[in-house]
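Below: one structure, written as structure tokens.
Basis for what follows: all heavy atoms, side chains included, without hydrogens, waters or symmetry-related copies. So that the names make sense, note that chain A is the first sequence line, chain B the second, and so on, each numbered from 1. Nothing here was measured: the structure is a model prediction, and the numbers come from that model.
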Amino acid sequence: MPGLGTSLGRGGATTAQQDLRNADAILIMGSSMAENHPVGFQWVIEARERGATVIHVDPRFNRTSAMADLWVPLRAGSDIVFLGGMVRYALEEGKVFRDYVARYTNAPMLLGDELRDTEELDGLFSGWEEGQRRYDPASWGYRAAPASDAGGGSPGDEPDKGGHGKERGGEAEDASNPERDETMQHPRCVYQVLRRHFARYTPEMVERACGVPRESFLRVAKAFCAASGPERTGAICYAVGWTQHSVGVQIIRTAAILQLLLGNVGRPGGGILALRGHASIQGSTDIPTLYDILPGYLSMPLFERESETLAGYVGKHRTESGWWHNFDKYIVSLLKAWYGDGATAGNELGFGFLPRVDGDHSHQGYWLEMAAGKLEGLFVIGQNPAVGGPNARLERKALARLKWLVVRDLVEVETASFWYDSPEVERGELRPAEIATEVFLLPAAGHAEKDGTFTNTQRLLQWHEKAVEPPGDCTSETWFVYHLGRRLKERVRRSRRRRDQPLLALTWDYPLHGPRREPVVEEIAKEIHGRRLPGEGESDGSELVGGFTDLAADGSTACGCWIYSGLFAGGVNRPRQRQSRDALGHGWGFAWPADRRILYNRCSARPDGKPWSERKKLVWWDATEKKWTGLDVPDFALGKPPDYRPPPGAKGDDAIAGDQPFTMHPDGVGWIWVASGLKDGPLPTHYEPLESPVANPLYGQQVNPAAHAKEGPDNAYARALDPRYPHVLTTYRLTEHHTAGGMSRTLSHLAELQPELFAEISPELAAELGIRNGEFVTITNPRGMVEARALVTPRMKTLVVDGRPVHQVGLPYHWGQRGLVRGDVVNDLVALSQEPNVRIMEAKALVCAVAPGRRPRGKDLLRQLQTEQARADELRPDQE
Amino acid sequence: MRRRPDADSEERLDELRRQGAALGAGGGVLPEAGVRPAGAPMPVASAATGYYGRPLLKEPTWTWEVPLYFFVGGAAGAAAVVGAAARVVGAGDELERDARWVAALGGALSAPLLISDLGRPERFLNMLRVWKPQSPMSVGAWTLTAFGSSAAAAAFAELLGRRGVAPVRLVGDAAGLLAAATGLVMTTYTGVLVGATAIPAWNRSVAVLPVHFAASSLGAAVSLLELLGHDHPALNRLGIAAALVEVATGAVHELDADPAHAPLKQGTSGALVRAGGVLSGPLPLLLRLAGRRRAAAVAALAGSLLTRYGWVAAGHASAREPAVPLQLEAPATGARAKRDPVGR
Amino acid sequence: MWKLLRDWPLLRQLREGGDGTGPEAMSRRTRELQPKTAGAQVARSVCPYCAVGCGQLVYHRDGALLAIEGDPESPISRGRLCPKGAASHQLLTHAGRLTTVKYRGPFATSWQEIPLEEAMDRIADRVWESRERTFEEERGGRRLMQCRGIAHLGGATLDNEENYLLKKLFTGGLGITRVSNQARI
Amino acid sequence: MTTTGFLTDSTLCIGCKACEVACKEWNVVPADGFLFTGTSYDNTGALGASTWRHVKFVEATPTVGEGGNSPALLSWQFSSDVCKHCEEAGCLEACPTGAIVRTEFGGVFIQPDVCNGCGYCVVGCPFGVVEKRPDDGRAFKCTFCYDRQLAGLQPACAKACPTQSILFGELDALRDRAEQRVTELHGRGMSDAVLWDARGTSVGGTHAMFIVRGDPRAYNLPPAPEVPTVYQRDGWRSAAYAAGGLLVAALGAFLLGGRDGGGR
């Protein structure tokens with residue numbers, strides 16, 4: 001989420017699905033919303049029926065394109081060129097919403113003279129250290145602003161660190177007002193730097209790099225840029241079609257820049273809607289089961305000097321100005337929630353208990369450790385990497401190196417059965433009798449069999465009630481984790497060892513109920529919401545806080561996740577509320593933060609506090625009441641007047657002026673330019689996918705320099721322009737199935753609707769290869785080989801990229817060896833690669849070869865694969 | 001990671017550039033030319049093909065028993081009529097007796113045939129749940145009930161009648177007349193039953209079918225009696241009449257150019273129908289004129305049976321072809337069995 | 001017998017008329033037909049598939065699930081569901097659902113079923129042993145406090161409360177840093 | 001009781017198949033086989049004993065720059081099919097057992113506890129909707145969610161439909177709405193939008209209407225469906241002639257004299 005986080009301040013969708021209804025134009029790109037979020041798509045249809053222009057830019061003409069007014073196919077992996085072209089169009093054709101841009105973004109800020117742009121360095125920014133293959137962002141800062149604050153080591157360049165924690169990204173900025181040029185004419189101001197940076201993203205370049213006819217591109221640019229200004233707004237919807245690229249974060253950045261230039265953030269019918277694919281994927285980042293952050297986007301302490309002590313750690317992450325000035329309150333309250341009385345002034349409130357991150361501990365990072373036999377045990381809970389993981393073949397084989405594996409799911413997924421029915425067993429690569437891994441497969445409870453909250457794609461927490469007891473031995477994760485923790489705490493009850501102190505101190509006294517002694521989920525929710533703890537002398541009776549503004553840094557409050565604080569305000573279970581009062585759904589569930597449904601909604605009013613227009617009003621300043629009011633909970637200090645100017649030395653939110661809507665940022669404005677917080681540059685730049693059939697038409701730099709290819713024998717790549725893999729391969733989901741299929745391939749009512757793996761192929765390619773519709777084809781690349789039914793369809797277009805025809809092949813990835821319907825694992829073709837900021841794999845733009853007929857079986861396939869990989873190795877350029 | 005294209009891929013790139021140019025690139029997208037090129041056939045849904053050539057109608061679900069029943073029930077009905085006629089005219093007791101027995105046995109055989117065809121045989125009584133004149137099947141169910149019992153009664157009376165108990169003979173005659181009356185329906189209603197459906201090959205023949213089936217039934221009935229050893233000239237006259245009608249109905253179909261009737265002339269169904277037609281029309285006619293009554297009888301029986309199977313087969317073929325009900329220009333290409341145009 | 005006769009639609013036809021296609025032809029079952037959810041209890045829930053967050057009404061009676069439908073009052077979904085959401089009753093009730101604990105020992109070639117509590121004890125043992133072997137309190141005199149040998153994957157399909165407990169125990173309690181899930185950008 | 005109906009508007013359909021699944025879930029309809037068809041995204045094929053809602057995928061050739069909502073051309077149309085619930089219903093008239101009845105809502109309902117699987121309704125349906133389920137023996141089709149309607153609920157498919165492509169309501173109101181919608185679409189330049197409603201035919205109108213773009217025949221919607229009962233007139237007349245002829249022939253044949261010398 002750093003794409004949105006660094007640009008706007010928070011790593012979440014800025015708007016609500018219902019609000020799409022108010023848009024005048026909707027750009028859906030990197031998503032097939034109609035296919036993967038059909039019920040949310042009703043709001044797009046409603047907007048369309050009310051006259052909005054719906055635009056879909058996608059390699060395939062899919063169910064979303066079928067409902068759109070405009071559809072443009074582009075080559076998978078060329079998104080930044082297309083969006084960059086739109087940015088350039090907005091800048092050069094005078095489509096920019098100047099009043100908004102000049103006041104609400106950092107476009108007027110001046111940048112340092114030492115900065116060098118990709119224009120000058122053929123695709124690299126200044127600060128690139130070829131040796132360490134990373135950027136030093138020192139030269140990216142505003143003029144007259146220190147490169148970083150007291151914390152030292154500027155963030156964004158720490159190899160060990162992931163990107164989720166840097167939602168604020170602003171460590172490198174403080175409140176010392178940088179030089180500005182309100183006219184945005186100064187050659188070194190962000191606005192002018194931006195113009196020069198995107199100067200070469202012309203319609204002609206879009207045509208050349210994306211394979212989009214320039215007229216079609218211009219139609220799209222014109223239509224979307226028209227949805228701008230006081231009377232009109234446009235929204236952008238994206239999903240993993242943008243994120244699963246080696247430049248994923250920067251694609252989203254480009255969209256954020258476009259929306260800021262058009263004045264579409266924080267206004268009704270505007271914003272950027274990140275469409276997420278799992279019931280609580282937003283929640284699992286807010287309360288992260290991730291390695292690089294703690295609940296509420298607080299960075300995990302790294303194995304480094306600053307993070308030795310709480311003071312050093314806070315000093316590093318706390319900003320002088322902006323909301324993150326409260327950083328200390330949130331980390332301390334979290335420590336109190338976890339370690340309770342064990343967190344004392346004496347032990348830095350238990351800060352020393354927290355483990356330090358000393359490497360890439362992301363999914364892909366530790367899976368490679370696993371493959372190397374360095375891991376002993378693994379818990380897999382509600383995920384199916386044997387089918388859904390990048391380079392699934394490598395991931396399956398790695399499982400055999402574990403001492404033990406615990407899988408919890410509704411059905412026996414391929415991850416649990418890898419040791420006896422994986423393709424590797426069929427190929428003789430793995431033999432059950434030689435696999436030492438102990439496997440525990442535990443049945444899980446379903447959503448209607450337990451209480452709890454999901455956080456949906458628009459940051460909305462909704463409670464689901466337990467209807468029935470789970471069958472047999474099925475249990476909730478709450479039950480599993482609680483009772484596992486109880487057993488482990490037993491063992492350290494009397495331990496004095498340092499390593500056991502965190503476990504000993506861990507607060508684990510949840511009230512239990514029911515036949516299985518299940519923890520009361522509402523109690524956990526209250527812990528997340530936060531309590532004011534009884535002070536010295538006070539008899540206990542700890543009470544719930546009102547919200548995150550009540551949290552303190554002195555250990556007098558405990559809060560499990562500050563951004564969720566408020567979900568139990570007034571002792572009421574807000575996520576459980578079911579009385580929707582208005583279009584934005586207030587009264588139904590709870591949206592973080594503070595039940596704001598549209599973020600940065602201060603932007604919906606002019607700098608003077610009045611709505612930009614009657615048609616697009618949302619939140620405004622009530623001069624008589626002296627407070628912000630409107631149709632949503634203002635995302636702004638309620639009593640702060642529009643003309644407020646921070647006094648010298650003001651800190652935190654007080655340092656944010658009354659016309660600065662992006663309060664999470666130290667400078668209170670939206671960031672077109674991200675001075676630090678990103679590992680691959682302050683502005684988006686087009687790089688080719690790690691595997692591409694064309695040379696980067698814009699720069700000599702072929703791929704994202706900061707990306708990690710994790711190249712190896714089992715993770716081989718086709719080098720650029722490899723003639724043996726001339727086609728672009730992209731993977732996706734279908735409406736009828738869910739991700740790796742554990743929740744759909746097993747259901748007859750879904751399985752029958754899409755019973756077999758198919759490859760969508762253009763008639764031209766089919767003709768070239770003599771493939772007939774419905775026949776089997778084999779898709780190959782250096783990592784794998786899958787067979788699928790050919791679905792020959794004119795919905796797949798052959799594009800002309802850089803003067804040559806490029807065929808694109810589409811593969812949905814839902815099938816595996818188990819379930820009612822089975823098929824090859826498409827993710828065997830996906831490389832285990834990492835985007836630099838969030839370490840996501842590149843699954844949407846790959847290369848492949850296609851041949852008629854079925855793939856070889858068993859050992860023959862293995863032999864074939866090895867030759868493919870040997871070929872790839874010997875052909876790999878020495879630059880690797 | 002900086003990748004510099006090496007020599008051979010540069011060549012490849014140039015070659016591809018040439019291809020691109022050759023393809024008249026510039027528009028960014030290849031021309032629509034090769035949308036359905038040879039080698040990449042795709043199923044098509046259009047006004048010309050219908051929905052991927054899929055059938056619109058469902059095929060009949062009747063199993064082998066039903067056409068057999070059409071034959072048996074029809075013959076039995078006709079036999080009852082012949083028997084009654086013989087009785088009325090007083091043309092011979094044995095003939096009347098055997099006719100009654102043929103009718104009774106046919107009626108008795110009909111019910112089990114129909115029941116075993118049901119998806120839920122145990123529910124056969126539901127056939128008498130309601131009276132629906134608008135449903136030929138309902139009419140048939142009630143008719144068969146009446147016919148079966150009256151024919152049986154008539155035959156049974158025949159048995160007792162030998163001992164010359166007067167009232168029994170009276171009841172027997174009444175039953176015989178009732179059997180004859182319902183027998184008339186038995187021989188004809190199946191034509192309406194088949195004709196009044198959504199199957200084009202059937203419903204376009206609805207005006208012919210009852211006559212066709214009646215003649216076929218009569219031919220079968222007299223043939224049976226003849227094979228039982230009766231040589232009453234009336235039987236031969238009826239045989240000739242039946243054959244004449246069959247020649248006529250056959251001609252009607254052969255001369256008809258309606259595409260809906262293709263199944264009557266093409267494929268397996270066409271062969272069956274035509275064979276049935278020849279065996280029950282021209283052939284017995286010639287044989288009878290040549291005085292070969294027994295041979296004619298055998299032919300007519302076989303023809304009558306084949307005819308029924310032929311018509312049911314034609315119904316299947318007709319239901320598979322969407323061109324007629326959808327009024328497509330030409331027969332839909334690639335109409336295949338449900339949900340398998342891939343051709344596996 | 002008499003009852004049977006009285007229910008005979010033919011007689012009803014004779015009494016009331018009708019051509020055998022109307023009420024006179026309806027069976028007792030049809031005349032007493034009710035939706036299967038009549039009188040059931042309802043729990044308010046949320047669809048477990050994608051992140052749209054459609055409201056669901058879960059109908060249940062005597063501890064058994066009857067049906068799952070959209071919640072018309074939801075301001076997001078307005079009672080509508082996609083095919084997956086519509087199938088979520090089957091998701092919880094289909095025959096292939098796992099309801100017992102399966103265990104596979106080292107080098108074993110088949111599953112065996114074991115009691116839940118026993119599985120929990122064994123898992124606790126494994127965690128403890130691996131943590132004992134791979135826990136590093138310090139490195140180079142600097143605090144690490146990390147359990148290197150255990151990893152976790154999953155969370156995007158779980159409840160917030162479940163993710164909270166997972167993170168709290170694994171990272172806060174056991175020192176496991178290798179924690180990851182489907183969520184990325 | 002008001003008579004109700006479906007209006008299925010393919011210009012709003014996103015082809016998600018929620019209607020197919022919602023129907024199967026509510027009515028506990030078994031799976032219909034797991035065969036890949038190769039005809040676009042439609043692997044269900046057709047309505048049948050185990051498919052009471054069926055989404056059709058009609059593929060044309062999209063043009064770059066134009067989405068499916070472009071009035072200029074057809075690209076990829078989706079349309080959810082269902083039993084038409086005819087005013088003059090072939091299956092209803094054909095059923096000999098009274099298993100098929102007309103409900104107070106105007107729907108055509110097969111009583112599963114009465115049907116004995118004679119199969120006559122199967123050939124009586126001009127839309128190929130009714131089918132016998134082999135392993136069960138009885139005929140099945142859309143029930144119009146009679147049980148739900150009795151309780152004032154709308155049918156499962158209509159309730160689930162994410163984009164209100166399937167509208168359920170009072171029949172006449174729906175008809176007006178359909179005509180308005182078509183006019184509106186024409187106003188938007190979609191001159192190929194048509195309302196399929198068999199009112200002009202012997203079927204006498206249906207309780208399921210469809211708005212589609214292009215020729216309805218591409219969706220297997222017949223231009224002139226006929227209820228088979230229309231053939232009965234000719235049928236019975238011909239039967240009467242045949243019976244009369246048979247009778248006359250029989251009597252005549254004997255009246256012409258001769259005697260049966262046969263008998264064993």
Side-chain angles (χ1 to χ4, degrees), chain A residues 37-40 243 276 278-279 281 283-285 287 289 291 338 355-357 361 363 366 376-383 404 432 436 439 441 443 446-448 452-454 456-457 462 464-465 467-468 471-473 477 481 485 487 499 503 506 521 524 580 585 588 746-747 749-750 838 840, chain C residues 43-46 48-49 51-54 58 60 63 75 77 80 82 84 87 90 92 96 98-102 104 106-107 109 116 124 126 130 135 137 144-146 149-166 169 172-173 175 177-181 183-185:
Chain A
H37 304 87
V39 183
T243 59
R276 314 214 181 264
H278 300 266
I281 198 155
S284 65
T285 323
I287 295 180
T289 30
Y291 82 101
W338 280 10
R356 272 42 178 179
V357 174
H361 295 175
H363 169 177
Y366 73 65
E376 292 199 356
L378 173 70
F379 290 91
V380 177
I381 301 183
Q383 194 165 344
W404 53 271
V439 185
L441 174 58
H447 70 297
T453 57
F454 288 138
N456 85 340
T457 202
Q462 301 184 96
H464 56 85
E465 298 171 342
V468 296
D473 284 343
E477 308 317 313
V481 180
R487 283 172 166 81
R499 69 175 58 175
L503 191 52
L506 206 67
V521 178
I524 306 171
S580 176
W588 179 285
T746 50
L747 308 186
H749 287 169
L750 293 177
V838 291
I840 192 169
Chain C
R44 301 191 92 160
S45 191
V46 182
Y49 284 94
V52 167
C54 300
V58 179
H60 58 101
S77 60
R80 308 165 195 180
C82 76
K84 295 189 282 283
Q90 196 180 36
L92 298 176
L98 186 69
T99 57
T100 57
V101 179
K102 290 184 171 183
R104 185 261 177 183
F107 311 111
T109 53
L116 180 59
R126 299 299 171 276
S130 293
F135 197 94
E137 294 180 354
L144 188 60
M145 291 299 283
Q146 187 193 105
I150 303 176
H152 162 86
L153 184 69
T157 63
L158 309 182
D159 298 344
N160 293 316
E161 296 75 12
E162 296 177 325
N163 278 306
Y164 179 75
L165 282 196
L166 277 166
L169 177 67
T177 51
R178 290 162 180 80
V179 174
S180 191
N181 68 31
R184 279 298 172 272
I185 312 190

Dump the intermediate steps for side chain to side chain contact (heavy atoms under 4.5 Å, CB included) on A:Phe454 and C:Asn160, then the final yes or no. CA-CA 6 Å; A:Phe454 288 138; C:Asn160 293 316; 5.7 Å; no

With side chain to side chain contact (heavy atoms under 4.5 Å, CB included) as the criterion, how do A:Ile524 and C:Leu165 come out once you've worked through the C-alpha distance, each side chain's angles and the decisive distance to 0.1 Å? CA-CA 8 Å; A:Ile524 306 171; C:Leu165 282 196; 3.8 Å; yes

Step by step, would you call C:Thr177 with A:Tyr366 a side chain to side chain contact (heavy atoms under 4.5 Å, CB included)? CA-CA 10 Å; C:Thr177 51; A:Tyr366 73 65; over 6 Å; no

A:Val521 and C:Asp159: CA distance, side-chain angles, deciding distance, side chain to side chain contact (heavy atoms under 4.5 Å, CB included) verdict: CA-CA 10 Å; A:Val521 178; C:Asp159 298 344; 5.9 Å; no

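C:Asn181 and A:Ser284 share a side-chain donor-acceptor pair at under 3.5 Å.
Among the candidates C:Ser45, C:Pro48, C:Gly154, C:Ser77, the residue making the largest number of heavy-atom pairs closer than 4.5 Å to chain A is C:Pro48. Taking C:Cys54, C:Gly96, C:Ala43 one by one and counting their heavy-atom pairs under 4.5 Å with chain A, the maximum is reached by C:Ala43. Counting heavy-atom pairs under 4.5 Å between each of A:Thr746, A:Thr289, A:Ile287, A:Leu503 and chain C puts A:Thr289 at the top. Options C:Gly175, C:Ala151, C:Gly155 differ in how many heavy-atom pairs under 4.5 Å they form with chain A, and the most are formed by C:Ala151. Options C:Ser130, C:Cys82, C:Gly53 differ in how many heavy-atom pairs under 4.5 Å they form with chain A, and the most are formed by C:Ser130.
Between C:Thr157 and the options A:Gln383, A:His447, A:Glu477, A:His278, a side chain to side chain contact (heavy atoms under 4.5 Å, CB included) holds for only A:His278.
Atom-to-atom distance recorded for A:Thr453:OG1 and C:Asn163:CG is 9.5 Å, nearest 0.5 angstrom. Interatomic distance, C:Ile150 CD1 to A:Leu378 CG, rounded to the nearest 0.5 Å: 10.0 Å. Here the straight-line distance linking atom OH of C:Tyr49 with atom CG of A:Leu750 works out to 5.5 Å at 0.5 Å rounding.
Proximity to chain C is limited to the side chain of A:Ser580, based on heavy atoms less than 4.5 angstrom apart. At a 4.5 Å heavy-atom cutoff, the contact between C:His152 and chain A is made by backbone and side-chain atoms alike. Looking at A:Arg487, the atoms closer than 4.5 Å to chain C (heavy atoms on both sides) all sit in the side chain, from C-beta outward. Using a 4.5 Å cut-off between heavy atoms, A:Trp338 touches chain C through backbone and side chain atoms alike.
The two atoms that bring C:Glu137 and A:Arg499 nearest to each other are OE2-N, 3.1 Å, heavy atoms only. Between C:Leu92 and A:Ala448, the shortest heavy-atom distance links the atoms CD1-CB, 3.6 Å.
A:Trp588 places a side-chain heavy atom less than 4.5 Å from the side chain of C:Pro75. Put simply, the side chain of C:Leu98 reaches to within 4.5 Å of the side chain of A:Leu441, judged on heavy atoms. With contacts defined as side-chain heavy-atom distances shorter than 4.5 Å, the pair A:Pro443/C:Val101 qualifies. Residues A:Pro432 and C:Phe107 are not in side-chain contact: their nearest non-hydrogen atoms beyond the backbone lie 4.5 Å or more apart. Taking the side chain as every heavy atom from C-beta outward, C:Glu162 and A:Val481 never approach each other to under 4.5 Å. Residues C:Leu158 and A:Ile381 meet the side-chain proximity criterion, which asks for heavy atoms closer than 4.5 Å.
Salt bridge A:Glu465/C:Arg44: absent, no basic N to carboxylate O contact under 4.0 Å.
Between the side chain of C:Gln146 and the backbone N or O of A:Pro355, no donor-acceptor pair lies under 3.5 Å.
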